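One structure below.
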Amino acid sequence: MSTTAAVIGCGDVSAVHFEAIAKLDGATLVAVCDSDPRRLAAAVAAHGVPGFADHLSLVEAVRPDVVHICTPHDQHASVAADFLERGVHVIVEKPLAHTLAAGQRLVAAAAAGEAKIAVCFQNRYNATSQAMSSLLSSGALGAVLGASATVMWQRSAEYYDSRPWRGTWAGGGGGLMMNQAIHTVDLLQWLVGDIVKVSGHAATRFLGDTIEVEDTAEFVAEHANGARSVFFATLANAFNAPVTLDVVTEKAVLSLRGDLTVTHSDGRVEVIPERTSASGGRSYWGVSHELLINDFYARLDDAEPFWISPAEAEKSLRTIKDVYRQSYPESAHKVS
Ligand SMILES: NC(=O)c1ccc[n+]([C@@H]2O[C@H](COP(=O)([O-])OP(=O)(O)OC[C@H]3O[C@@H](n4cnc5c(N)ncnc54)[C@H](O)[C@@H]3O)[C@@H](O)[C@H]2O)c1
């Protein structure tokens, strides 16, 4: 029997969700939803399924098994909770929510019901991330001593002008950290250990004429295992450089630059290549949306929650909001 799916929010990222559903054996797209009539009409025409202007009408009329929520950040938590409460499984794009309070409500909604939920941190499925995770958790490389990470990308005024929510605190809950760098914050805390203390700063250094949110940030983090890490991210780079993540252990250094290079203290060097993607998504989205989506559908009948759960996704949200709290102490709406 086919698992029925619907996509809520038919903008840029929805393309990779539509593509993954189309390729998935046993999944059938049955409806789409977008609050913008032009986007809705385009999605209905492209996919030949009924369209709805709001998610509650969709669930009443169609009641799919799974929904993919690809809306702006301020429309993640409440929309996801509405579906969970109605027993519909949810894949929600990152971040968990635009505010910590909304994120916590979604954590509670996920814990209260039977429906499954995944938060789309697809980079955990990259070949390099999986290899780093296995190597670090095997213990073969000794304890983690420290780490550094950078996200040095470029976004133009056009990127924000075409989607005004991306440049606002109300729509995005933040800028560079919430929209782009959050994937690397998630990897850092997943691979090195939970972040228990962060000291950082965020600012708008480059795109101040266009956006109200930050475009540059840095922090030093303390992890639960005692390791420390440094993080720098900016959208003022000359080009979209590969994300870098270096983890120093007692016996090796693991360096991510697209591919993963593991240099052992005895001189051995291993290179683990990243997969290449045939999908229509943008290169900086990475190659793993489809893997996460396939895994989620395969695990719908599992007894335990999906591993990238709201509680797991709340960790990166909390770290970022801690950096905002230190950067904008007078602005309650930025740190909530
Ligand atoms: N995982 C990734 O690598 C990745 C990559 C890109 C974007 N994203 C995330 O995907 C989400 C969407 O980003 P985008 O760039 O596609 O944005 P977008 O603005 O292109 O698309 C969002 C769509 O949602 C619609 N919408 C807004 N509120 C709605 C509601 N309540 N119900 C139904 N539709 C609604 C809008 O009309 C728009 O068509 C964001 O959370 C973003 O952070 C994730």
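We count ligands from 1, going down the list as the structure has it; atoms in each ligand are counted the same way. What you are looking at is a predicted structure, and each value in this text was computed from that prediction instead of being measured.
- In this structure, Trp165 has a heavy atom closer than 4.0 Å to ligand 1.
- Contact between His55 and ligand 1 is absent, with no heavy atom of the residue lying under 4.0 Å from the ligand.
- Residue Cys70 touches ligand 1 through its backbone alone, judged by heavy-atom distances below 4.0 Å.
- Under a cutoff of 6.0 Å and an axis angle of 45°, Arg124 and Trp307 form a cation-pi pair.
- For the pair Arg166 and Tyr159, the cation sits on the ring face: its NZ or CZ lies under 6.0 Å from the ring centre, inside 45° of the axis.
- Of all atoms in ligand 1, listed by their number and element, those nearer than 4.0 Å to a heavy atom of Arg163 are 18 (P), 19 (O), 20 (O).
- Using 4.0 Å as the threshold, Met178 has no heavy atom nearer than that to any atom of ligand 1.
- Shown in contact with Pro72 at under 4.0 Å from a heavy atom are these atoms of ligand 1, numbered in order with element: 22 (C), 24 (O), 26 (N), 27 (C), 28 (N).
- Under the salt bridge (charged side-chain N to carboxylate O under 4.0 Å, His left out) criterion, no residue pair touches residues 127-145, with sequence neighbours excluded.
- Residue Gln122 has at least one heavy-atom neighbour below 4.0 Å for each of these atoms of ligand 1: 1 (N), 2 (C), 3 (O).
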Could you list the donor-acceptor pairs under 3.5 angstrom formed by side chains in residues 77-87, with sequence neighbours left out?
unit_1	atom_1	unit_2	atom_2	d
Asp82	OD2	His55	NE2	2.8
Arg86	NH1	Asp82	O	2.9

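- Under the 4.0 Å criterion applied to side-chain N and carboxylate O atoms, Asp186 and Lys315 are not assigned as salt-bridge partners.
- In the model, Tyr125 has no side-chain atom that pairs as donor or acceptor with a side-chain atom of Glu290 under 3.5 Å.
- Per-residue contacts place His183 under 4.0 angstrom from the following atoms of ligand 1 (heavy atoms of the residue considered): 1 (N), 2 (C), 3 (O).
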